[in-house]
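Below: the structure, in structure tokens.
Per chain, numbering begins at 1; letters A, B, ... match sequence-line order.
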Amino acid sequence: MKSEFLQRVIGHIDLDYFYAQVEEVENPALKERPVIVCVFSGRTEDRGVVSTANYVARGFGVRSGMPIVNAKKLLQGKDPAVIRMNHEKYEVVSTRIMDALSEKVDVLEPTGIDEAFFDVTASTSGDFERARTAAMGIKEAILSTEHLTASVGLGRSKAVAKLGSDLAKPGGLKVVLPEQTKDFLGPLAVEKLYGVGPKGASLLKGAHISTIGQLAGADPQELEKLFGKKLSVYLLEASKGNDSDPVRGDLEPTQFSRIVTLKEDTTDVEEILSQLETGVGHVHEKLSSSGKSFRTLTAIGILTDLSTKTKSKTYETPVSDEESIRGGLAELFDEMSAVSDKQFRRVGVRVSGFTDARDQKSLSDFLQA
DNA sequence: CCCTCGATCAC
DNA sequence: CCTCATATCGAGGG
């Protein structure tokens, strides 16, 4: 209970250019070369995007999300290493690191395969210098055990910590003391703030808000008109480093999904279901391995113009078998294609509305009814 | 309160 | 030219 009145000490850790760095560790000769780890769509030989590029490749202008073809142009004659993404491999490394990390902090909240928030308020008694030492130890441990570099930010809130690790990249440590928070955040561009993407940034620009400092001084009423209740309140808090969302170590996934790119655009439901079969298997496997059942099934379609259509159904009672997924999807895609005759480019499946053992219907519930 | 759907974010 | 996975919000309808 002693941490009850302490100012929080929050960290954010980000493994640098993770997928590409894992490949470098496995094959150190790659370090001198541009490396791009790619997701191939399977449409044609070279279609797809760059998932992660090492800093050598970034030096030539390559960015993640960039079509592979474009990246290759930028790396013409630069001896690039083009590597197919191997998610399983990165998952193993990530799990090892996250497990070790969870031993070194009070609370760890992974937010992706290569990043996590952590809380060290209690173990440092709220002292940022002790937290700095802990963070250096964490970076050192990852370097010596996995040969990987990471960037870390420390601050009094998640938004501050995240911003810190971002500015510390690659390989650095940024400590924002509570009393420095305002000066640190003030001059930064709003789009740097966690939760502000392209759409939000452009809305803010329209309101003549371009720095986090300006956001902090914005009229709450006006912000609410632009962003709604929840988000406007969050933005205002985060811009002052006062976002209060806690670091949670106990988060369970609430959905599993899989999207595949079709060999070619189509409206044919049979074809869609056939090509989505591996996706169904994947989602079903995730359900099995996590021991979850779901109630809501969603068919996802991404049309030729890249707009997204979804259609979902909720089962009366939780299910987890593959046939409920397959059969449900057939219905949903039939209904979807009946409404619009647009062609699908990518299709997917999502299960959500998990029920855990606590509120699972038990035999006694049935006997009572 | 529950369900459905689209949008946004960020990985 | 344009991958993939997840969480969250708000609107609209019941």
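- When each of C:dC2, B:dC3, B:dT4 is scored by its nearest atom to the side-chain atoms of A:Thr296, the top-ranked nucleotide is B:dT4.
- Taking every side-chain heavy atom of A:Arg346 into account, C:dC4 is the closest of C:dG10, C:dT6, C:dC4.
- With C:dT3, C:dG10, B:dC3 as the choices, the nucleotide that has an atom nearest any side-chain atom of A:Val49 turns out to be C:dT3.
- Proximity of A:Lys309 to the phosphate of B:dG6: a side-chain N or O atom is located under 4.0 Å from OP1 or OP2.
- A:Tyr194 places its OH atom 9 Å from the C1' atom of B:dC11, with the value rounded to the nearest Å.
- Of all nucleotides listed (B:dC5, C:dT6, C:dT3), B:dC5 comes nearest to the side chain of A:Lys311.
- In summary, the side chains of A:Ser165 and A:Asp14 do not present any donor paired with an acceptor at a separation below 3.5 Å, with no hydrogens or angles considered.
- Comparing A:Leu306 and A:Gln255 by the nucleotide of DNA chain C that holds the closest heavy atom to each, the one mapping nearer the 5' end is A:Leu306.
- For B:dC5, the OP1/OP2 oxygens have a side-chain nitrogen or oxygen of A:Ser312 closer than 4.0 Å.
- Side-chain proximity of A:Pro67 to C:dC2, C:dA5, B:dA10: nearest is C:dC2.
- The side chain of A:Arg345 lies closest to C:dC2, out of C:dA5, B:dC9, C:dC2.
- In this structure, CD of A:Glu109 is placed 11 Å from P of C:dA7, rounded to the nearest angstrom.
- More than 12 heavy atoms of other residues, nucleotides or ligands sit less than 6.0 Å from atom NZ of A:Lys313.
- Across B:dT4, C:dA7, C:dC2, the shortest atom-to-atom separation from the side chain of A:Pro253 is found for C:dA7.
- OP1 or OP2 of B:dG6 has not a single side-chain nitrogen or oxygen of A:Thr308 nearer than 4.0 Å.
- Both distances falling under 3.5 Å, in either a Watson-Crick or a G-U wobble arrangement, occur for no nucleotide opposite C:dC1.
- Partner of A:Gln21 under the side chain to side chain donor-acceptor pair (under 3.5 Å) criterion, out of A:Asp16, A:Thr149, A:Asp114, A:Thr52: A:Thr149 alone.
- When the nucleotides C:dT6, B:dT8, C:dA5 are ranked by their closest atom to the side chain of A:Arg350, C:dT6 comes out on top.
- Going from atom CD1 of A:Ile68 over to atom P of C:dT3 covers 10 Å, rounded to whole Å.
- Of the side-chain N and O atoms in A:Thr310, one or more sit less than 4.0 angstrom from OP1 or OP2 of B:dG6.
- The side chain of A:Thr314 has B:dC3 as its nearest neighbour among B:dC3, B:dC5, C:dC2.
- Regarding contacts with the backbone of C:dT3, every side-chain N or O of A:Arg47 stays at 4.0 angstrom or more from both OP1 and OP2.
- Close to C:dC4, at under 4.0 Å from its OP1 or OP2, lies a side-chain N or O of A:Thr261.
- Between A:Asn54 and A:Glu24, the side chains place a donor N or O and an acceptor N or O closer than 3.5 Å (distance only, hydrogens not considered).
- Remark: aromatic rings of A:Phe354 and A:Phe256 are close, center separation under 6.0 Å.
- Pairing for C:dC9 is with B:dG6, a Watson-Crick or G-U wobble pair whose two hydrogen-bonding atom distances lie under 3.5 Å.
- Here C:dT8 presents its P atom at 15 Å from CG of A:Asp243, a figure rounded to the nearest Å.
- Put simply, A:Arg258 has a side-chain N or O that comes within less than 4.0 Å of OP1 or OP2 on C:dA5.
- For the pair A:Phe256 and A:Gly228, both in contact range of DNA chain C, the more 5′-proximal nearest nucleotide belongs to A:Phe256.
- For the pair A:Lys230 NZ and C:dA7 P, the computed distance is 17 Å after rounding to whole Å.
- Between A:Leu251 and A:Glu109 there is a side-chain heavy-atom pair separated by less than 4.5 Å.
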